[in-house]
Structure formats: structure tokens, C-alpha cells
Amino acid sequence: MARIVGGLTTSHIPAVGNAIAKQLFDDPYWKPFFDGYPKARTWLDAVKPDVAIVIYNDHGLNFFLDKMPTFAVGAAFEYKNDDEGWGIPMLPPFKGDPKLSWHVIDSLVRDEFDICSCQEMTVDHGFTVPMQLLWPDYAASGIRTIPISINTVQHPIPSPARCYKFGRALGRAVESYPEDVKVVIVGTGGLSHQLDGKRAGFINKEFDLMCMDKIVGEPETLAKLSPLELVREAGAQGAEFILWLAMRGALTGKVRKLHSNYHIPISNTGAGMLVLENAA
Ligand code: DHB
Ligand code: FE
């Protein structure tokens with residue numbers, strides 16, 4: 001049977017794509033950010049997952065305001081990267097796992113999540129930057145991917161509770177797959193940031209650290225936040241934290257924090273990352 005071996009979270013700031021292209025790993029601005037990732041990669045090298053299910057938000061590349069699914073699940077053989085406007089270097093396509101995708105889609109719909117299935121899906125920085133950080137040698141890793149996009153862009157966005165329950169249903173879907181594959185769930189985006197309006201540049205360190213702490217052992221507390229409370233505390237784009245909660249919902253074993261990192265600011269964002277083990 002398929003097994004969810006762990007969950008990872010990371011911010012997906014586009015400027016990181018440029019910093020990677022320029023190899024700025026030891027630059028004083030970037031070092032405290034990049035220093036968080038080698039431990040995650042060492043864990044991934046040891047665990048060797050076969051599939052990464054990447055829960056991210058599309059930022060206007062594949063979906064726009066005219067058609068905005070709340071939950072969209074990739075079911076393609078490959079996922080092409082394109083640029084929705086940040087000008088970061090583009091990456092080669094990412095390999096899919098359509099068989100597992102269709103199993104997940106089937107299970108989610110039977111579980112009353114009426115998702116949008118996507119046999120074509122282009123992926124933006126919300127997907128690619130975390131993939132670069134976690135699998136810098138992606139081609140050699142052999143890992144297959146399933147992107148899942150949750151709307152954080154156009155209100156009404158799904159509530160933290162709904163995303164947590166979505167994660168629960170995703171966990172049931174994966175763990176009912178009869179093949180022996182090891183799966184990691186990645187939740188991207190966050191933590192606090194607001195890119196526009198009167199509060200542009202808003203970061204809430206206290207709230208971010210509280211979320212990073214409680215998501216390990218008390219995720220239900222965070223799932224009680226309303227979308228409005230989340231926007232108030234984390235900023236308009238900090239609402240991306242619902243993607244972390246969806247990831248956490250999928251982990252139903254013994255969850256243990258292995259590594260974490262938090263640094264502010266990276267671009268306009270409180271940059272956080274977590275590695276959670278999901279033991280049987
Ligand atoms: C930034 C953060 C994001 O999550 C994003 O999607 C775009 C930009 C930033 O901090 O620059
Ligand atoms: Fe974002």
C-alpha cells in the first residue's frame with residue numbers, strides 16, 4: 001500500500017528562483033534562508049519518496065479570475081512551467097503520476113470533495129520554487145509529482161477548516177492506493193505577507209511562529225481560524241497558510257517535527273519551512 005512518509009512546508013517566494021539561478025547561497029541576505037534546506041534534503045535523500053504531492057496556489061498562470069477552481073488536482077503525464085510575470089528562469093517539465101492522480105481524484109470525489117481534475121496544468125513559482133529548494137537535482141531524483149492548487153487568490157477562499165478536512169481526505173485517498181509507493185506531501189506559500197494595499201509589507205512574526213509551533217501537534221486549533229482572521233493576522237497573501245494546513249491534514253500517523261527554519265524578511269515575506277515525519 002502507499003504510505004505518506006512525511007510532510008514538508010516552505011514559502012515559495014519568486015525572488016528565491018533568481019537567487020538560486022545566481023547561486024547566492026552564501027550571500028549575507030540569503031544565507032539564513034538557504035541554510036534551512038540542507039537538512040530537509042538530507043532527510044529526503046534518506047527516505048527517498050517516489051511521489052511528491054505539492055499543494056500550492058496558482059497565482060494567475062493556469063487559472064485566472066474568470067475561472068477559479070477552489071481545489072484543482074493535476075492528472076497529467078507532465079507539468080510544464082511558465083512565467084506569470086516574475087521573470088524568474090523557467091524550468092523543464094515535471095514528471096506526473098496520472099495513475100495515482102486518478103486514484104486520488106476518484107477517492108476525493110467519493111469523499112464529497114468536488115474538485116476540478118486537470119489533465120493539463122502549467123505550474124508557477126508556487127510549485128517550482130519549493131521543488132528547486134527540496135530537489136535541486138530534480139532530473140536525477142526520479143521523483144514524480146502531483147500538483148494540487150487551492151484558491152488563495154480570489155475570495156471566497158476555502159476556510160482553514162475546509163482545507164484541513166481536504167488534507168484528511170487526501171490522506172485517505174493516498175493511503176488506499178494499492179501500490180507500494182512512498183509519498184511526501186508538500187504545502188507551499190506563507191507565512192505572513194501582504195504584497196499590496198495599505199498594509200503592503202506587513203509581516204507578523206509572532207503569529208508565524210505560533211503557526212509553526214501549533215501546526216505540529218495542535219493543527220485543529222489553527223483550523224478554527226476564519227479566513228478573515230487569517231488575513232488579518234497573516235496578511236492578504238499570508239492566507240496561503242491554508243496550504244500548510246491542507247498538508248498537515250494528510251498526516252494522520254505519529255507526527256514529529258524533524259527540522260524547521262524561519263527568517264524575516266525574505267522579499268516581503270516571513271519565510272518558514274518545516275519537515276514533519278509521519279510515522280506509522
Ligand atoms: C512574494 C511572496 C509570494 O508568496 C508570492 O507568491 C509572490 C511574492 C514575495 O514576498 O515577494
Ligand atoms: Fe504566493
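Counting starts at 1 for both ligands and their atoms, following the listed order.
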Parallel, tilted or perpendicular: rings of [Y] and [X] (30°, 60°):
{"X": "F71", "Y": "F113", "answer": "perpendicular"}
{"X": "F34", "Y": "F25", "answer": "perpendicular"}
{"X": "F33", "Y": "W30", "answer": "perpendicular"}

Task: N268 versus H193, closest heavy-atom pair with distance - done: O-CB, 3.2 Å
Open item on the list: So for atom CD, which belongs to E229, do other residues, nucleotides or ligands contribute more than 12 heavy atoms lying within a distance under 6.0 Å?
Closed with: yes
Which atoms from ligand 1 have a heavy atom of [X] less than 4.0 Å away?
{"X": "H125", "answer": "5 (C), 6 (O), 7 (C)"}
{"X": "E240", "answer": "4 (O), 6 (O)"}
{"X": "S267", "answer": "9 (C), 10 (O), 11 (O)"}
{"X": "H193", "answer": "2 (C), 3 (C), 4 (O)"}
{"X": "H59", "answer": "6 (O)"}

What N/O/S atom of [X] gets nearest to the Fe ion (ligand 2)?
{"X": "E240", "result": "OE2"}
{"X": "H12", "result": "NE2"}
{"X": "H59", "result": "NE2"}

- [ ] For atom 10 (O) of ligand 1, find the nearest protein heavy atom and state the residue, atom name and distance (0.1 Å precision).
- [x] T269 OG1, 2.6 Å
- [ ] Tell me which part of P14 gets within contact of ligand 1: side chain, backbone, both or neither, using heavy atoms under 4.0 Å.
- [x] side chain
TODO: Examine all N, O or S atoms of H125, backbone included, and report whether one is under 2.8 Å from the Fe ion (ligand 2).
DONE: no
Open item on the list: Looking at K224 and T221, would you say the former's side chain and the latter's main chain have a donor-acceptor pair under 3.5 Å?
Closed with: no
Task: Y177 and S107: side chain donor to acceptor below 3.5 Å - done: no
Task: Donor on one side chain, acceptor on other, N151 and T70, under 3.5 Å - done: no
